[in-house]
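The analysis underlying the following values was restricted to heavy atoms, covering all of them including side chains, and did not include hydrogens, waters or symmetry mates. Throughout, a chain's letter reflects where its sequence line sits, starting with A, and its residues are numbered from 1.
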Amino acid sequence: MAWYDANARIMPWRVGPQARRAGDTPDPYRIWLSEVMLQQTTVAAVKDYFHRFTMRWPTVTALAAAADEDVMAAWAGLGYYARARNLLKCARVVVADHGGQFPTTRDGLLGLPGIGPYTAAAIAAIAYDLPETVVDGNVERVMARLHDLHLPLPTAKPELIEFARRLTPRQRPGDYAQAVMDLGATICTPKSPACGICPWRAPCAARSEGTAQQLPKKLPKKPKPIRLGIAYVGRRTDGAFLLQRRPDKGLLGGMLGWPGSEWAEIPPQESPPVAADWRDLGAEARHTFTHFHLRLAVRVAVIPPEAQPDVGAFIPHDRFRPSDLPTVMRKAFDLARASFEYES
DNA sequence: TAACCGTGGGA
DNA sequence: TTCCCAAGGTT
């Protein structure tokens with residue numbers, strides 16, 4: 001705790017140890033929002049999104065009243081889009097069933113859309129200073145090293161949770177939870193941990209065994225296959241773009257995208273969304289998802305004003321922002337844009 | 001249980 | 001270029 005008092009990272013959603021002592025209390029809405037954004041995502045990537053969300057939707061009530069497409073567009077680029085869909089669901093449940101106040105216990109939070117064991121414990125500890133045990137990737141790593149546990153993840157998870165539970169203090173549990181995560185993020189890092197300046201170097205078993213660097217052990221990962229696809233970037237003569245809202249379930253669910261073929265390991269079939277003079281762009285957008293690599297061929301066409309597309313809808317030029325697209329679709333647009341600008 | 005679900009930065 | 005990994009949850 002002394003180490004945290006002197007070394008706590010400064011974050012837009014955080015009430016630091018000094019401010020907390022002075023009586024400041026975190027806003028549960030901002031803690032919840034930050035925790036959902038931080039799932040599998042770095043602090044650096046989250047900061048700008050957090051600012052934009054809290055400026056535009058300062059309270060859970062404001063967020064609950066937002067249009068789905070506005071929230072999805074604001075989330076675009078951050079990834080794991082089920083988080084954004086569940087964020088909105090959760091906000092609406094909090095407003096409709098809890099009077100706009102987040103539940104104040106771990107069990108009350110657990111089971112709200114998008115809130116699992118980690119996030120429930122994190123909100124309970126950080127926002128309400130309850131002695132709940134927070135186990136994220138940082139804590140797993142710190143515990144595996146502290147106890148020199150060589151059992152690989154995910155098998156080791158229950159044991160690591162138990163290690164973490166035993167260490168959780170009754171005093172300042174919210175600061176403690178953030179302290180261990182800060183320690184993992186800045187000292188007990190995955191590669192080249194700074195054991196020499198670690199406040200836990202004395203009791204650390206992996207430090208004395210010289211095994212810190214190789215912990216925690218993990219099961220080998222499966223290789224990622226390469227999938228192929230075609231995207232159709234169509235612009236009508238008035239400048240409107242032909243886009244398609246993706247279904248809520250599955251990859252990039254609920255996001256805007258270009259119409260296109262299936263993405264599979266076999267060469268895709270041409271499947272233009274509307275009859276037009278589609279030209280092959282030559283270049284392809286390359287993108288890596290969680291479990292496959294994608295090579296996306298890009299077709300471009302200027303679509304005549306009277307055309308009736310089979311799929312998708314035209315979005316007027318002045319209402320289209322590339323930043324509303326998930327990254328893979330923005331990559332395809334960036335390739336296509338060059339050709340449009342060349343023609344016009 | 002294991003697969004699915006994004007992205008960007010660093011090594 | 002390629003691989004690893006980051007404050008995980010849902011199905």
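A:K222 has its NZ atom 8 Å from the P atom of B:dC4, to the nearest Å.
Scanning residues 170-183 of chain A for heavy-atom distances under 4.0 Å to DNA chain B yields an empty list. Proximity of residues 28-40 of chain A to DNA chain C (heavy atom under 4.0 angstrom from any strand atom) is restricted to A:E35, A:L38, A:Q39, A:Q40. Listed in residue order, the members of residues 250-261 of chain A having a heavy atom less than 4.0 Å from DNA chain B are A:G250, A:L251, A:L252. Of the residues in residues 136-158 of chain A, not one places a heavy atom less than 4.0 Å from an atom of DNA chain B.
When the P atom is compared between B:dG8 and C:dG9, the two are found 22 Å apart, to the nearest whole Å. Rounded to the nearest Å, the gap between the C1' atom of C:dC4 and that of B:dG6 is 15 Å. The C1' atoms of B:dC5 and C:dC5 are separated by 16 Å, rounded to the nearest whole Å. B:dT1 and C:dT11 have their C1' atoms separated by 12 Å, with the value rounded to a whole Å.
The 5' end of DNA chain C is approached more closely, in terms of each residue's nearest nucleotide, by A:M11 than by the other of A:M11 and A:L112.
A:D68 pairs by the salt bridge (Lys or Arg N to Asp or Glu O under 4.0 Å) definition with A:R92, not counting sequence neighbours. Legend: residues meeting salt bridge (Lys or Arg N to Asp or Glu O under 4.0 Å) with A:K157, ordered by chain and number and at least two apart, are A:E140.
Put simply, A:Y80 has no side-chain N or O that comes within less than 4.0 Å of OP1 or OP2 on B:dC4. Between A:H291 and B:dC5 there is a side-chain polar atom (N or O) within less than 4.0 angstrom of OP1 or OP2.
Residues in residues 298-309 of chain A take part in these side chain to side chain donor-acceptor pair (under 3.5 Å) pairs, two or more places apart or across chains: A:E270-A:R299, A:D280-A:R299. For residues 173-185 of chain A, the side chain to side chain donor-acceptor pair (under 3.5 Å) pairs, not counting sequence neighbours, are A:R9-A:D182, A:R14-A:Q178, A:R14-A:D182, A:R20-A:D175, A:R172-A:D175. Residue pairs meeting the salt bridge (charged side-chain N to carboxylate O under 4.0 Å, His left out) criterion with at least one partner in residues 50-62 of chain A, sequence neighbours excluded, are A:R56-A:D70.
First and last contacts of DNA chain C with chain A, using any nucleotide atom under 4.0 Å from a protein heavy atom and ordered 5' to 3', fall at C:dC5 to C:dT10.
A continuous path of Ile, Leu, Val, Met, Phe, Trp and Tyr side chains, each step under 4.5 Å between heavy atoms, connects A:F292 with A:L296, placing both in one hydrophobic cluster. A:W3 and A:M1 fall within a single hydrophobic cluster, where Ile, Leu, Val, Met, Phe, Trp and Tyr are joined by side-chain heavy atoms under 4.5 Å apart, directly or via other members. A:I161 and A:L110 fall into different hydrophobic clusters, where Ile, Leu, Val, Met, Phe, Trp and Tyr residues are linked whenever their side-chain heavy atoms come under 4.5 Å apart, directly or through other members.
The main-chain N or O of A:I31 is found under 3.5 Å from a side-chain atom of A:S34 such that the two form a donor-acceptor pair.
The base of B:dG6 sits with one of its N or O atoms less than 3.5 Å from a complementary donor or acceptor on the side chain of A:T41.
Other members of a hydrophobic cluster containing A:M55 are absent, since no ILVMFWY side chain comes under 4.5 Å of it, directly or through relayed contacts.
Taking the six-membered ring for Trp and thresholds of 30 and 60 degrees, A:F163 and A:H147 have nearly parallel ring planes, at less than 30 degrees apart. Between A:F241 and A:F320, the ring planes lie tilted relative to each other; the angle falls in the 30° to 60° range. A tilted orientation is assigned to the rings of A:Y29 and A:W32, their planes being inclined by 30° to 60°.
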Under-3.5 Å N/O pairs linking protein and nucleotides 8-11 of chain B:
{"from": "B:dG8", "atom 1": "OP1", "to": "A:T327", "atom 2": "OG1", "distance (Å)": "3.4"}

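Residue A:W75 is out of contact with every strand shown, counting any heavy-atom pair closer than 4.0 Å. Heavy atoms of A:M329 sit nowhere under 4.0 angstrom from any nucleic acid atom.
Taking the six-membered ring wherever Trp is involved, the centroid distance between the rings of A:F289 and A:H287 falls below 6.0 Å.
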